Amino acid sequence: MERESMEFDVVIVGAGPAGLSTACRLMQLAQEKEQELMVCVVEKGSEVGAHILSGAVFEPRALNELFPDWQEKGAPLKTAVKNDDIYLFNGAESAIKLPNFSVPKTMHNEGNYITSMGNMCRWLAEQAEQLGVEIFPGFPAQEVLYNEDGSVAGILTGDMGLDTEGNPKDSYVPGMELKAKYTVFAEGCRGHLGKELIAKFALDKDSSPQHYGIGFKEIWDIDPDKHQEGLVVHTAGWPLDKNTNGGGYLYHAENNQVFVGLIIDLNYSNPHLSPFDEFQRYKHHPKIAQYLAGGKRVSYGARAMAKGGFNSLPKMTMPGGVLVGCDAGTINFAKIKGNHTAMKSGMLAAESIFSALASGDEGGNDLSSYSENYQNSWLYDELYNTRNFGPAMHKFGTFWGGVFNTLDQNFFGGKLPVNFKDDSLDHEQLKLASECLVINYPKPDNKLSFDKLSSVFLSNTNHEEEQPCHLKLADSTIPLTVNMPKYAEPAQRYCPAGVYEVEESEEGQKFVINSQNCIHCKTCDIKDPSQNITWVTPEGAGGPNYPNM
């Protein structure tokens, strides 16, 4: 097939904080050196920010470097953190407030801001466009293009107008080839092209496996009398049991809004556990409900997050390409923050790429300078000094892991001469359903807790109905012949959007994929115990349309 082709110096996949910071830094360097540079960013969401979901308490360290005058430029950082409260929930009604000295320093938020990262990315996109970057929203990167020597040559955007069988409809528009000297992959956690590249170039051969969590978020309008702008609340414990790691949060943003959420590690073992329903239970704890009661839920979303940290980082370069941000797994889970680290990884990539191009590099090389720049940066130090945080929680549990992390961070600055590693795989941790306690979740009260479908409605999720299913099964029989008898088909529960169902009828059971509901969280690609599900990009602009998550 003849496809339209465009050539750039650099193509960036994903308009999140990592990708946009890469673009901005590239163009800043080009202007400083008075060199022409053609940079484009492709984004699968309908607009920049449509697929961005983050807590978020934002650390401005990387932003201070990228745009020292961000306040004058109107960056949407208006709510400074004023108070940090951390609780241990030891039941559905009780809570213990932890004193500051007993909390790892990484959890302290002085100097940080409560913000919407969707709006932050929209602002970064404005800065990038003013610098001369071309941004194409609604264009998913479907495939990696390779040169004859095997190096990355660019990407192919997704075809538009295919029917469910993959045949062209009257509205068919073929995808475009976007070729570049260097391609930066900034797709976010479990990016499907990043996953392919890590496997193809064995980038993770010297790393521990990546570990993941699923993070939920809702935005609520609450009673102004209950609102405490700048208050940050973090919790550990209930509703999660001692065998399930994770924690909750509630951030008081501006305009009488709060951001509430729960993060659950995807190495949990009980296949009857439903992360969505655990989150609904969480909101009923008195410490959370006191703020939400009488309020109105205005938005909902969920997203997987990479939390393996330093030991799980793959090699981030390959011939012709670079992985940045959560595509590589640069989140610092000890801080529950990944936006500043994603931005810094993109800025470092930009500096390496620009230096290579300015020296006459025609592309296609493995940029060893990126690895050197990374190892000499504060990003490396920050991730290295928190390398034990996640493995300690997995090894010792929430309480004793927390004790170790407090000692390690507060008294030794992360420099204890130990290096815990967790070489387990999240999807292998499920026990047989017959060996586990069935969890009976309460019905939603439609005041604090809600069902999946009404929640998905608030995410503004939509996909063109007549298109190929973007949730690919390697073997269509596995859900009912393997996962159902062994694990009571956990896809029904780990999916936060009601995509997967097992329907009962006179003819027997049927495994149904409601791909229209998919909010692009990638949990199924990660947690399926048979590794039978592969998430690929749907038709452009499909998925959630988060207004300010």
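This is a predicted model, so every value here is computed, not measured.
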ask   = Which distance, rounded to the nearest 0.5 Å, do you find between the CG of Leu77 and the CG of Leu63?
value = 6.0 Å

request  = Please check if the side chain of Glu187 supplies one atom and the backbone of Leu193 the other of a donor-acceptor pair under 3.5 Å.
outcome  = yes

key: Check: Glu539 side chain, Gly161 main-chain N or O, donor-acceptor pair, under 3.5 Å   = yes

task = Applying side chain to side chain contact (heavy atoms under 4.5 Å, CB included), name anything that partners Ser369, two or more places apart in sequence or on another chain.
result = Ser352, Leu367

ask   = Just checking, any donor-acceptor pair under 3.5 angstrom between side chains of His192 and Gln142?
value = no

task = Assess whether side-chain contact (heavy atoms from CB on, under 4.5 Å) is satisfied between Asn311 and Ser207, documenting all intermediate values.
result = CA-CA 6 Å; Asn311 290 329; Ser207 309; over 6 Å; no

remark   = So CH2 of Trp535 and NZ of Lys472: to nearest 0.5 Å the spacing works out to 11.5 Å

ask   = So do the side chains of His463 and His470 get within less than 4.5 Å of each other, counting heavy atoms only?
value = yes

Distance-minimising heavy-atom pair for Cys40 and Leu178 = SG-CD1, 4.2 Å

Beyond-backbone contact of Ile336 with Met107, side-chain heavy atoms, under 4.5 angstrom = yes

ask   = Going by distance alone, is a donor N or O of one side chain under 3.5 Å from an acceptor N or O of the other, for Lys337 and Asn109?
value = yes

Side-chain donor or acceptor of Gln531 paired with backbone N/O of Ile526 under 3.5 Å = yes

For a quick test of your reading: what N or O donor-acceptor pairs under 3.5 Å do the side chains of residues 541-549 make, sequence neighbours left out?
residue	atom	partner	partner atom	Å
Asn545	OD1	Ser46	OG	2.2
Asn545	ND2	Asn460	O	3.4

task = Walk me through it: do Thr461 and Asn517 pass the test side-chain hydrogen bond (donor to acceptor under 3.5 Å, both in side chains)?
result = CA-CA 7 Å; Thr461 294; Asn517 289 0; over 6 Å; no

inquiry  = When you measure from the side chain of Asn365 to the backbone of Pro319, do you find a donor-acceptor pair of N or O atoms at a distance under 3.5 Å?
reply    = no

request  = Provide the closest heavy-atom pair for Leu471 versus Val499 in the form atom of the first, atom of the second, distance.
outcome  = CD1-CG1, 3.5 Å

query = Salt bridge between Arg25 and Glu32, side-chain N to carboxylate O under 4.0 Å?
reply = yes

inquiry  = If the threshold is 4.0 Å, N to carboxylate O, is there a salt bridge linking Lys344 and Glu65?
reply    = yes

key: side chain to side chain contact (heavy atoms under 4.5 Å, CB included) against Thr79, all qualifying residues, sequence neighbours excluded   = Ile114, Glu229, Glu254

inquiry  = Please determine whether side-chain contact (heavy atoms from CB on, under 4.5 Å) holds for the pair Glu382 and Thr341, giving the CA-CA distance in whole Å, both sets of side-chain angles, and the decisive distance to 0.1 Å.
reply    = CA-CA 9 Å; Glu382 181 172 317; Thr341 53; 3.6 Å; yes

inquiry  = Strictly by salt bridge (Lys or Arg N to Asp or Glu O under 4.0 Å), give each pair with a member in residues 36-61 just once, sequence neighbours left out.
reply    = Glu47-Arg122, Glu59-Lys335

key: Residues Lys315, Asp366: salt bridge by 4.0 Å N-O rule   = yes

Polar contact flag, side-chain donor to acceptor under 3.5 angstrom, Asn462-Gln516 = yes

task = For residues Pro140 and Pro538, report the shortest heavy-atom separation together with the two atoms involved.
result = CG-O, 3.6 Å

task = Output all residues satisfying ring pair (Phe, Tyr, Trp, His ring centres under 6.0 Å) with Tyr300, sequence neighbours left out; order by chain, then residue number.
result = Phe276

ask   = Below 4.5 Å, heavy atoms only, C-beta onward: do Ser208 and Ser312 meet side chain to side chain?
value = yes

request  = State the CG-CE distance between Leu348 and Met316, to the nearest 0.5 angstrom.
outcome  = 9.0 Å

remark   = With sequence neighbours left out, the residues meeting salt bridge (Lys or Arg N to Asp or Glu O under 4.0 Å) with Asp9 are Lys181

task = May I ask you to test the Leu203-Met318 pair for a side-chain heavy-atom distance under 4.5 Å?
result = yes

request  = Just jot down the ring pair (Phe, Tyr, Trp, His ring centres under 6.0 Å) partners of Tyr251, sequence neighbours excluded, or say none.
outcome  = His234, Tyr249

Sidechain-backbone polar pair: Gln28 side chain, Leu66 backbone, donor-acceptor under 3.5 Å = yes

query = Out of Ile264, Asp265, Ile263, which one pairs with Asn245 under the side-chain contact (heavy atoms from CB on, under 4.5 Å) rule?
reply = Asp265

Tell me which donor-acceptor pairs under 3.5 Å the side chains of residues 167-174 have, and how far apart each pair is, sequence neighbours excluded?
residue	atom	partner	partner atom	Å
Lys169	NZ	Glu466	O	2.8
Tyr172	OH	Asp159	OD2	3.4

key: Asn267 side chain to Gln429 side chain, donor-acceptor N/O pair below 3.5 angstrom   = no

query = Is Lys217 positioned over the aromatic face of Phe259, cation under 6.0 angstrom from the ring centre and no more than 45 degrees off axis?
reply = yes

task = Sorted by first residue and then second, give each ring-ring contact (aromatic ring centres under 6.0 Å, His included) pair with at least one member in residues 308-335; sequence neighbours left out.
result = Phe310-Tyr380, Phe310-Tyr384

Backbone N/O of Ala30 and side chain of Gln35: donor-acceptor pair under 3.5 Å = no

Side chains of Ser530 and Asp528, donor plus acceptor under 3.5 Å = no

inquiry  = As a quick check of understanding, evaluate side-chain contact (heavy atoms from CB on, under 4.5 Å) for Lys522 and Arg303, giving each step before the final call.
reply    = CA-CA 7 Å; Lys522 314 287 182 70; Arg303 184 71 171 92; 3.3 Å; yes

key: Glu72 atom CD, over 12 foreign heavy atoms within 6.0 Å   = yes

Side chain to side chain donor-acceptor pair (under 3.5 Å) contacts touching residues 128-138 (sequence neighbours left out) = none

Short side-chain donor-acceptor distance under 3.5 Å, Asp361 and Tyr182 = yes

query = Between the side chain of Ser345 and the main-chain N/O of Val324, is any donor-acceptor distance below 3.5 Å?
reply = no

task = Under the side chain to side chain contact (heavy atoms under 4.5 Å, CB included) rule, collect the residues that match up with Tyr146, sequence neighbours excluded.
result = Val144, Val152, Glu196, Leu197, Lys200, Phe201

ask   = Can any side-chain N or O of Asn147 pair as donor or acceptor with the backbone N or O of Asp149 at less than 3.5 Å?
value = no

remark   = Residues pairing under ring-ring contact (aromatic ring centres under 6.0 Å, His included) where one sits in residues 41-76, two or more places apart or in two chains, turn out to be His51-His520, Phe67-Trp123, Trp70-Tyr113

task = Using modelled atom types only, decide if a donor and an acceptor are shared between the side chain of Asn388 and the backbone of Val418 within a distance under 3.5 Å.
result = yes

request  = May I have the step-by-step check of side-chain contact (heavy atoms from CB on, under 4.5 Å) for Thr386 and Gln409, ending in yes or no?
outcome  = CA-CA 8 Å; Thr386 55; Gln409 296 301 318; 4.0 Å; yes

remark   = Which of Thr22, Leu357, Val322 passes side-chain contact (heavy atoms from CB on, under 4.5 Å) with Val10? Answer is Leu357

request  = Measure the shortest side-chain to side-chain distance between Val11 and Lys179 over non-hydrogen atoms and say whether it is less than 4.5 angstrom.
outcome  = no

message = So does Ala356 get a backbone contact from the side chain of Ser359, meaning a donor-acceptor N/O pair under 3.5 Å?
response = yes

